[in-house]
Amino acid sequence: MDKAAAPVSPPRQDRVIHVISGSSEISGVSHAPAKKSTWNAKNGLEETKPKRVLLGTDEISFTAKEQEKVLTPHHDALVISLTVVNCLVKRILVGNGSSSNFIFQAEYKDLGLEEDALTRRITPLIGFSGEVKQTAGEITLPVYAERVNMSIKFLVVDCDSSYNMILGRPWIHGMGAVPSTLHQMVKFPTPWGIKAIRGDQEYSRSCYQTIL
């Protein structure tokens, strides 16, 4: 993530778009290097080398006052809205149980992206019942979040979903973010202090009802 000295200006939003785990990588690297890294770690050979230094020194915490704004009791997923490719995209699930970032085919088309923009790298996804589905490819898109503009790789999936996108651990770790479903908020460090994005419980419950 490239965080310059000055905050990134919010990108233009041309449109508003309202409407599980699997990857060709393990922990952010391809399978062969990942297997080698696992072997090194087991044999005490792995060196601790941080991928990057997160800017900002403020601690991330959540307060009882912040929780007062949350509709309780609840078990709602964290669903947010972000600007992606100059569009305000709603119904984005922040899922720390997902090893990849996903964008669904319908949303891909709504963003006005062309088919030839896809990198045709097919990845098998395995569901809870063991069924296997292949991705349509990969694409890197700019995602803007509270002054931070970050290029994110998504796996494109051609299936029905109540969500438009899923931001998994690659986005969460890349941002240095801490999501809290309890507080319905995700926070992350920036050179301008800790920033927060609040979840939308109405969208979260609507997505859940659609799934049911």
Side-chain angles (χ1 to χ4, degrees), residues 1-4 6-25 28 77-125 127 133-175 177 179 186 188 190 195-211:
M1 178 172 57
D2 182 17
K3 295 181 177 180
V8 177
S9 299
R12 184 183 71 256
Q13 294 178 348
D14 296 330
R15 287 173 291 163
V16 176
I17 300 177
H18 292 276
V19 252
I20 277 230
S21 179
S23 176
S24 59
E25 300 179 346
L78 182 57
V79 178
I80 64 175
S81 301
L82 290 175
T83 302
V84 183
V85 195
N86 296 329
C87 293
L88 178 60
V89 180
K90 299 178 180 291
R91 298 177 184 255
I92 299 177
L93 174 67
V94 179
N96 54 11
S98 176
S99 62
S100 297
N101 306 305
F102 295 95
I103 179 172
F104 296 94
Q105 192 76 45
E107 169 63 13
Y108 184 89
K109 293 179 180 178
D110 284 343
L111 287 173
L113 301 173
E114 300 294 336
E115 286 293 327
D116 58 9
L118 273 179
T119 299
R120 297 294 179 178
R121 185 175 293 116
I122 308 303
T123 303
L125 306 177
K133 186 174 183 61
Q134 292 186 333
T135 62
E138 301 176 356
I139 190 168
T140 300
L141 302 174
V143 178
Y144 178 86
E146 295 293 330
R147 302 187 183 186
V148 177
N149 204 32
M150 186 174 177
S151 294
I152 303 294
K153 184 178 75 174
F154 288 91
L155 301 184
V156 182
V157 185
D158 186 7
C159 68
D160 294 331
S161 174
S162 59
Y163 304 108
N164 288 316
M165 296 178 174
I166 297 177
L167 290 175
R169 293 192 297 274
W171 180 83
I172 294 171
H173 295 176
M175 292 288 289
V186 56
F188 47 88
T190 77
K195 299 298 179 182
I197 298 175
R198 185 170 290 279
D200 190 316
Q201 287 180 275
E202 182 179 350
Y203 276 125
S204 179
R205 295 178 182 188
S206 174
C207 290
Y208 182 68
Q209 291 172 359
T210 300
I211 293 173

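Residue numbers start at 1 and run along the sequence shown. Keep in mind that this is a model prediction, so the values were computed, not measured.
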Can you find a pair of side-chain heavy atoms, one from [X] and one from [Y], that are under 4.5 Å apart?
{"X": "Asp200", "Y": "Lys90", "answer": "no"}
{"X": "Pro142", "Y": "Val84", "answer": "no"}
{"X": "Leu111", "Y": "Met165", "answer": "yes"}
{"X": "Leu141", "Y": "Leu113", "answer": "yes"}
{"X": "Leu167", "Y": "Phe154", "answer": "yes"}

Tell me whether [X] contacts the main-chain N or O of [Y] through its side chain, where contact means a donor paired with an acceptor under 3.5 Å.
{"X": "Tyr108", "Y": "Glu114", "result": "yes"}
{"X": "Arg169", "Y": "Asn96", "result": "yes"}
{"X": "Ser204", "Y": "Ala77", "result": "yes"}
{"X": "Ser206", "Y": "Glu202", "result": "no"}
{"X": "Asn101", "Y": "Lys153", "result": "yes"}
{"X": "Ser161", "Y": "Tyr163", "result": "yes"}
{"X": "Thr135", "Y": "Thr123", "result": "yes"}

Test side-chain contact (heavy atoms from CB on, under 4.5 Å) applied to Trp171 and Leu82, step by step: CA-CA 13 Å; Trp171 180 83; Leu82 290 175; 4.2 Å; yes
[X] versus [Y], closest heavy-atom pair with distance:
{"X": "Ser151", "Y": "Thr140", "answer": "CB-CG2, 3.8 Å"}
{"X": "Pro170", "Y": "Ser98", "answer": "CD-O, 4.2 Å"}
{"X": "Ile80", "Y": "Gly199", "answer": "CG2-CA, 4.0 Å"}
{"X": "Asn86", "Y": "Pro11", "answer": "OD1-CB, 3.6 Å"}
{"X": "Ile122", "Y": "Gly137", "answer": "CD1-N, 4.5 Å"}
{"X": "Ile197", "Y": "Glu146", "answer": "CG1-CG, 3.8 Å"}

Measure the [atom1]-[atom2] distance between [X] and [Y] for me, rounded to the nearest 0.5 Å.
{"X": "Thr210", "Y": "Asp160", "atom1": "OG1", "atom2": "CG", "result": "11.0 Å"}
{"X": "Tyr144", "Y": "Arg12", "atom1": "OH", "atom2": "CZ", "result": "14.5 Å"}
{"X": "Leu93", "Y": "Leu78", "atom1": "CG", "atom2": "CG", "result": "7.5 Å"}
{"X": "Phe104", "Y": "Leu155", "atom1": "CZ", "atom2": "CG", "result": "10.5 Å"}

CA sep, side-chain torsions, deciding dist, call: Lys195, Thr190, side-chain contact (heavy atoms from CB on, under 4.5 Å): CA-CA 7 Å; Lys195 299 298 179 182; Thr190 77; 3.7 Å; yes
Criterion side-chain contact (heavy atoms from CB on, under 4.5 Å) on Val85 and Cys87, from CA distance to verdict: CA-CA 6 Å; Val85 195; Cys87 293; 5.5 Å; no
